[in-house]
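Just so it is clear: chains get the letters A, B, ... in the order the sequence lines come, proteins before strands, and each one is counted from 1.
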Amino acid sequence: MDPRAFRLNAAPERPGGEYVLYWAQANRRVEANHALLFAAEAANRLRLPLVYYEFLTCDYPQANDRLHTFILEGVPETARRLRQAGVGHVFHLRRRISEPLDSLHWMAGKAALVVTDDYPAFVARRHNETIPSTLDVACIAVDSSCVVPTRLFEKREWAAYSIRPKIHRLLPQYLKPLPALHVARRWEAPPPPFHTEVSENRVGALVAECQIDHSVAPSISFRGGRLAAEKRLRHFLEHNLRRYASERNEPAAHATSNLSPYLHFGHISALEIALAAREYAAEHKLIADEFLEELIVRRELAFNFTLHTPHYNSLRALPEWARQTLREHAADRRSPCYSREDFERARTHDALWNATQKELLLRGKIHGYYRMYWGKKVIEWSRTAQDALETMIYLHDRYALDGRDPNTYANILWLFGLHDRPWSERPVFGKVRYMSLEGMRRKTNVDAYIREIDHLERTGKDPFCT
DNA sequence: ATCGGCTCGCGCAA
DNA sequence: TGCGCGAAGCCGAT
């Protein structure tokens, strides 16, 4: 059995099914998609056409214009590439909460087999835990997110050092290009009545029709979709890979890939990025090790963490030393102490912190290095650790294009000690690692970053993050 | 500017 | 059983 494939129910394949269904949840792309390829292989074996089905509902937590726009921007290119490959494309935009139609059961009712994404967080995790038992057809989840199939690691890893050698041992086997998508039988039937055709110039109008929170504007910096992802990757390889190791922790230098939004929605895969980085590095005599470490080892440590942790978004998921030290400092005085609204509106005494929060509000992500500072300060200035956690998850759910991801939860809990070690004791944090404004000033150009974010705020344009 | 201590527990060698 | 060392640091001594 394919180590990426995981059976979600005990129902058999449906004899007389009209197609094999791929339900895209977390990996909304045609290229380098293990789950789609798995479904295509099954379709060819059963001599059936293949249908790629995706939906966008309006009732997931914090559904808003920013997230909807990014997802919808990806749909037209997906549709084009599927049409070219002879694969059916069905997109259901559920505009109103009251809309009763259950398009998934409608689609699954005619399918010989349902294949979906194995994804350990947010709504996809809940879907995969609850929906397959309500289907009367075999349902299989396939991991297309990780380079090394995440279920090969059967227990929760302690830290990066414990999973790193295991991943490196398996990379020769898995860091390889995938075959092209090929279906023997083309999909010819008309789309079902609930299908919505999306064109680039209709995205805004469709978003406006949805019963979602219209108060969070789309990102001023990131446009969704495959073409935007490919452009970002190209730009990263040509301009940033060579300086990634030395400048990745200097936010004003813009040496990072900015691919996390596309990775989160699956518009591009870690496998494709890793292969492209390795190839570019070989051609140009560069070292891509530091980038691949973050892209593969740390990202897949986060997947390992969420997969093996029932409460992956809770302080209960922390190692015992961290839980205990936070308990011991629960009554420490917080000064200053801010509310969720203070944080959300970037109203603190700290100009760097406010700039990081404004970056989240405007761009929809925070530079990885400053995101640590952002989070450490939310802990320092919140009434309790639990409040801090809830504030950070809320802000990521609502504003971050790379939120709701295994990386998000692992990164947020890292701020409380996950995958880290104890350090010398101090107020509020106990033995959890502390970060200071002085440290940021010492190591990064804080003023250049503040000026940059100020420019974004004044102009609503982002000439820096290209 | 640079260095060591802080402090826990996993993973592995012995 | 003992030892080395870890996802991004801080602080005080030199």
Side-chain angles (χ1 to χ4, degrees), chain A residues 146 153-170 240 243-257 260 263 270 288-306 308-309 312 317-329 332 350 352-353 356 359 365-380 392 402 405-446 449:
Chain A
C146 292
F153 306 115
E154 290 177 10
K155 62 175 217 13
R156 179 170 151 182
E157 297 289 338
W158 181 256
Y161 73 84
S162 64
I163 201 173
R164 185 177 296 116
K166 300 176 189 174
I167 287 179
H168 279 284
R169 250 195 318 276
L170 290 163
N240 299 347
R243 59 197 184 98
Y244 182 81
S246 58
E247 294 185 61
R248 77 196 135 123
N249 286 346
E250 173 53 277
H254 297 282
T256 56
S257 72
S260 60
L263 276 168
D289 292 3
E290 289 84 356
F291 178 66
L292 294 175
E293 161 76 12
E294 304 221 353
L295 177 69
I296 302 175
V297 174
R298 305 219 192 143
R299 179 166 179 273
E300 296 185 12
L301 175 63
F303 275 78
N304 168 272
F305 163 71
T306 45
H308 293 293
T309 309
Y312 60 84
L318 294 175
E320 193 44 46
W321 71 264
R323 299 185 66 183
Q324 188 180 335
T325 197
L326 290 171
R327 261 198 308 273
E328 285 167 5
H329 289 268
D332 291 4
D350 176 342
L352 172 59
W353 194 91
T356 62
E359 182 176 21
K365 71 190 273 295
I366 308 176
H367 187 281
Y369 195 60
Y370 279 163
R371 186 167 348 209
M372 292 187 284
Y373 178 75
W374 174 89
K376 290 291 186 185
K377 293 302 163 188
V378 174
I379 296 174
E380 189 175 346
M392 288 193 267
D402 56 7
D405 193 275
N407 261 327
T408 311
Y409 302 106
N411 287 340
I412 289 176
L413 287 174
W414 177 84
L415 298 161
F416 296 90
L418 177 72
H419 296 157
D420 204 5
R421 61 171 155 153
W423 301 85
S424 51
E425 199 154 3
R426 62 155 58 232
V428 180
F429 287 86
K431 291 167 185 165
V432 172
R433 184 196 300 257
Y434 178 72
M435 290 177 81
S436 70
L437 179 56
E438 272 321 296
M440 294 299 104
R441 287 204 185 283
R442 204 162 50 239
K443 286 178 249 181
T444 70
N445 191 339
V446 167
Y449 175 79

Inter-nucleotide P distance (dA14(B), dC5(C)), Å rounded | 14 Å
Provide the closest heavy-atom pair for Thr444(A) versus Pro251(A) in the form atom of the first, atom of the second, distance.
-> CG2-CD, 4.0 Å
Any side-chain donor-acceptor pair under 3.5 Å between Glu359(A) and Tyr370(A)?
-> no
With Arg323(A) as the cation and Trp321(A) as the aromatic partner, state whether NZ or CZ is under 6.0 Å from the six-membered ring centre and within 45° of the axis.
-> no
Which atom pair, heavy atoms only, marks the closest approach of Arg248(A) to Glu294(A)?
-> NH1-OE2, 2.7 Å
Heavy-atom check, side chain of Glu300(A) versus side chain of Val297(A), under 4.5 Å | no
Between Ala322(A) and Phe416(A), what is the shortest heavy-atom contact and its length?
-> CB-O, 3.5 Å
Could you list, one pair per line, each protein nitrogen or oxygen that sits under 3.5 Å from a nitrogen or oxygen of nucleotides 3-7 of chain B, together with the distance?
from, atom 1, to, atom 2, distance (Å)
dT7(B), O2, Pro422(A), O, 2.8

P gap between dA1(B) and dA8(C), integer Å | 23 Å
Heavy atoms of chain A, cut-off under 4.0 Å: which first and last nucleotide of DNA chain C, 5' to 3', fall inside that, if you could look?
-> dG6(C) to dC11(C)
With under 30° as parallel and over 60° as perpendicular, where do the rings of Phe305(A) and His419(A) fit, or are they tilted in between?
-> perpendicular
Would you say Met440(A) and Met435(A) make side-chain contact, with heavy atoms under 4.5 Å?
-> yes
Between Leu318(A) and Leu326(A), does a side-chain contact (heavy atoms from CB on, under 4.5 Å) hold up when you go through it step by step?
-> CA-CA 10 Å; Leu318(A) 294 175; Leu326(A) 290 171; 3.8 Å; yes
Check each residue of residues 293-302 of chain A for a non-hydrogen atom within less than 4.0 Å of any atom in DNA chain C, then write out the ones that pass by number, or none.
-> Arg298(A)
Could you tell me whether Arg164(A) and Glu157(A) make a salt bridge, using a distance below 4.0 angstrom between a side-chain N and a carboxylate O?
-> no
Min side-chain heavy-atom separation Trp353(A)-Leu437(A) under 4.5 Å | no
With sugar-phosphate meaning primed atoms plus P, OP1 and OP2, does Arg426(A) contact a base, only sugar-phosphate, or nothing at under 4.0 Å between heavy atoms?
-> sugar-phosphate
Any side-chain heavy-atom pair from Thr356(A) and Tyr369(A) closer than 4.5 angstrom?
-> no
With sequence neighbours left out, the residues meeting ring-ring contact (aromatic ring centres under 6.0 Å, His included) with Tyr373(A) are none
For DNA chain B, what are the stems built from at least three Watson-Crick or G-U pairs in a row, each pair having both distances below 3.5 Å?
-> B:1-6 with C:9-14, B:8-13 with C:1-6
Got Thr408(A) and Asp402(A) here, is their nearest side-chain heavy-atom distance under 4.5 Å?
-> no
For nucleotides 9-14 of chain B, read 5' to 3', which letter fits each nucleotide if B means a protein heavy atom sits under 4.0 Å from the base, S means only the sugar-phosphate is that close, and - means neither?
-> SBS---
With nearest nucleotides of DNA chain C determined for Arg442(A) and Arg164(A) from heavy-atom distances, which residue corresponds to the more 5′ nucleotide?
-> Arg164(A)
Min side-chain heavy-atom separation Arg433(A)-Lys376(A) under 4.5 Å = yes
Is Met372(A) touching bases, backbone alone, or none of the nucleic acid, heavy atoms closer than 4.0 Å?
-> base
Heavy-atom neighbours of Glu320(A) CD exceed 12 at 6.0 Å | yes
In whole angstrom, give me the gap between the P atoms of dG12(C) and dT7(B).
-> 15 Å
How far, in whole Å, is dT2(B) from dA7(C) if one measures between their P atoms?
-> 24 Å
